[in-house]
Amino acid sequence: MPELPDVERYRRLLETGGMHRKIAKVSVINARILDSVAPKKFETALTGAALLETRRRGKHLLVRHDRGGWITMHFGMSGDLVLAATGEEPPPYTRIRFDFEGGGLLAYVSRRMLGRVGLTDDAEAFCRDRDLGIDALDPSLDRRTFIALVAGSRRGAKAALMDQGVIAGIGNIYSDEILFQTRLHPKARLEALDEVTLGRLYDAMRRVLEVAIERGAGSEEFLDRLPRGYLLPHRKKTGKCPRCGAPLATLKLGSRTSWFCPHCQPASRREN
DNA sequence: AGCGATGTTCGCCG
DNA sequence: TCGGCGAACATCGC
């Protein structure tokens with residue numbers, strides 16, 4: 001489930017339940033999940049360390065510890081982060097387990113093994129190395145900055161929203177919602193959009209991500225909690241547009257399925 | 001039984 | 001150089 005709103009939930013989970021807690025034991029259950037660090041080294045580096053600070057950049061979660069470095073987490077397509085009580089069975093597909101002193105544990109879960117966990121000394125350098133653009137909810141990303149960033153690009157709107165090097169945090173699911181709210185076709189060329197439209201795209205991006213966080217992105221009841229008029233709950237076969245009732249359409253873009261309403265998000269002649 | 005899935009990366013092509 | 005595509009990664013659920 002991990003796009004920006006989900007990773008933000010993980011971050012808040014840690015902020016509430018994992019800060020200033022000392023790690024008594026680290027268990028790397030599947031070493032392949034580690035990003036260029038040996039399991040032994042990872043375990044040694046963190047055993048006895050206390051967690052001090054959380055940071056999120058796009059879909060990456062960074063956790064600072066008291067030995068002067070950071071734990072880096074990315075969740076791939078099927079990742080999760082869970083706090084459990086000692087004695088409680090950690091979830092299936094837990095790949096790394098951190099047991100806290102005084103009870104409780106943090107489980108890094110990844111079914112498909114597409115996520116990565118690693119260590120870094122420098123959070124900024126880590127993001128730079130990965131060419132991560134500005135976080136989609138960064139306070140300094142105002143409307144004007146956003147427009148300057150995307151205006152004139154020959155790319156399709158969906159491809160641009162999902163490019164982590166431009167704006168970090170938006171994936172396949174949320175780009176569909178943002179485009180639906182803006183009533184833009186997934187293939188709409190950014191260079192063909194005027195500033196007013198790009199402004200609406202920005203507004204939808206911020207609103208959708210904030211609403212998703214606020215309504216508990218990734219939780220069991222999340223889809224039921226979304227405001228009426230959101231695409232996400234209908235993003236499936238037989239799904240109907242919540243605005244006009246038309247059957248939703250799909251499109252393959254770079255091997256990802258894009259869901260949209262062909263009536264509310266019509267293609268201009270150029271995209272056909 | 002086969003296909004698709006909330007991500008990233010890399011090589012290829014126009 | 002840019003932008004898009006498809007495969008690969010690994011695994012499960014419908």
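For clarity, every value in this text was computed on a predicted model and none was experimentally measured. Proteins come first, then strands; the chains are lettered A, B, ... in the order of their sequence lines, and each starts at number 1.
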Provide, to the nearest angstrom, the distance between the [atom1] atom belonging to [X] and the [atom2] atom belonging to [N].
| X | N | atom1 | atom2 | answer |
| --- | --- | --- | --- | --- |
| A/L161 | C/dG3 | CG | P | 14 Å |
| A/D35 | C/dC9 | CG | P | 18 Å |
| A/F180 | B/dT6 | CZ | P | 18 Å |
| A/Q164 | B/dT9 | CD | C1' | 13 Å |
| A/L114 | C/dC9 | CG | C1' | 6 Å |
| A/D131 | B/dT9 | CG | P | 9 Å |
| A/R130 | B/dG7 | CZ | P | 17 Å |
| A/Y174 | B/dA5 | OH | P | 17 Å |

- Item | Any strand: nucleotide that pairs with C/dA10 via Watson-Crick or wobble, under 3.5 Å | none
- Counterpart base for B/dT6, defined by Watson-Crick or G-U wobble contacts under 3.5 Å: none
Using a cut-off of 4.0 Å on non-hydrogen atoms, how would the nucleic acid contact of [X] be classed: base, sugar-phosphate, or nothing?
| X | result |
| --- | --- |
| A/G156 | sugar-phosphate |
| A/F75 | nothing |
| A/R111 | base |

- Does A/F75 have its ring centroid less than 6.0 Å away from the ring centroid of A/Y108? yes
Name the closest nucleotide to the [X] side chain, picking from [options].
| X | options | result |
| --- | --- | --- |
| A/R154 | C/dG4, C/dT11, C/dG3 | C/dG3 |
| A/R155 | B/dT8, B/dT6, C/dG3 | C/dG3 |
| A/T257 | B/dA5, B/dT6, C/dG4 | B/dA5 |
| A/R32 | C/dG3, B/dA5, C/dT11 | C/dT11 |
| A/S153 | B/dT8, C/dG3, C/dT11 | C/dG3 |
| A/M77 | C/dA10, C/dG3, B/dT6 | B/dT6 |
| A/R95 | B/dT8, C/dT11, C/dG3 | C/dT11 |

- Pair A/E15 + A/R11: basic N to acidic O under 4.0 Å: yes
- A/E8 and A/R56 ion-paired at < 4.0 Å: yes
- Message: With side chain to side chain contact (heavy atoms under 4.5 Å, CB included) as the criterion, how do A/I96 and A/I29 come out once you've worked through the C-alpha distance, each side chain's angles and the decisive distance to 0.1 Å?
- Response: CA-CA 5 Å; A/I96 301 181; A/I29 296 160; over 6 Å; no
Report yes if a side-chain nitrogen or oxygen of [X] is closer than 4.0 Å to either non-bridging phosphate oxygen (OP1 or OP2) of [N]; otherwise report no.
| X | N | value |
| --- | --- | --- |
| A/K59 | B/dT8 | yes |
| A/K252 | B/dA5 | yes |
| A/H74 | B/dT8 | yes |

- Item | Partner of A/F260 by side-chain contact (heavy atoms from CB on, under 4.5 Å), out of A/P266, A/P186, A/C241 | A/P186
- Query: Taking atom types as they are modelled, is there a donor-acceptor pair under 3.5 Å from the base of B/dG7 to the side chain of A/R256?
  - Reply: yes
- Task: Find which nucleotide of DNA chain C each of A/R112 and A/L253 is nearest to by heavy atoms, and output the residue with the more 5' nucleotide.
- Result: A/L253
- Given the P atoms of C/dG3 and B/dT6, what is the spacing between them in whole Å? 24 Å
- Item | Whole-angstrom distance between C/dG6 and B/dC3, as gauged at atom C1' | 16 Å
- Query: Under 4.5 Å between side-chain heavy atoms, hopping through other hydrophobics if needed: is there a path connecting A/L83 to A/L61?
  - Reply: yes
- Task: Report the C-alpha distance between A/D163 and A/R155 in whole Å, list the side-chain angles of each, state the deciding distance to 0.1 Å, and finish with yes or no for side chain to side chain contact (heavy atoms under 4.5 Å, CB included).
- Result: CA-CA 10 Å; A/D163 185 340; A/R155 321 179 70 175; 2.6 Å; yes
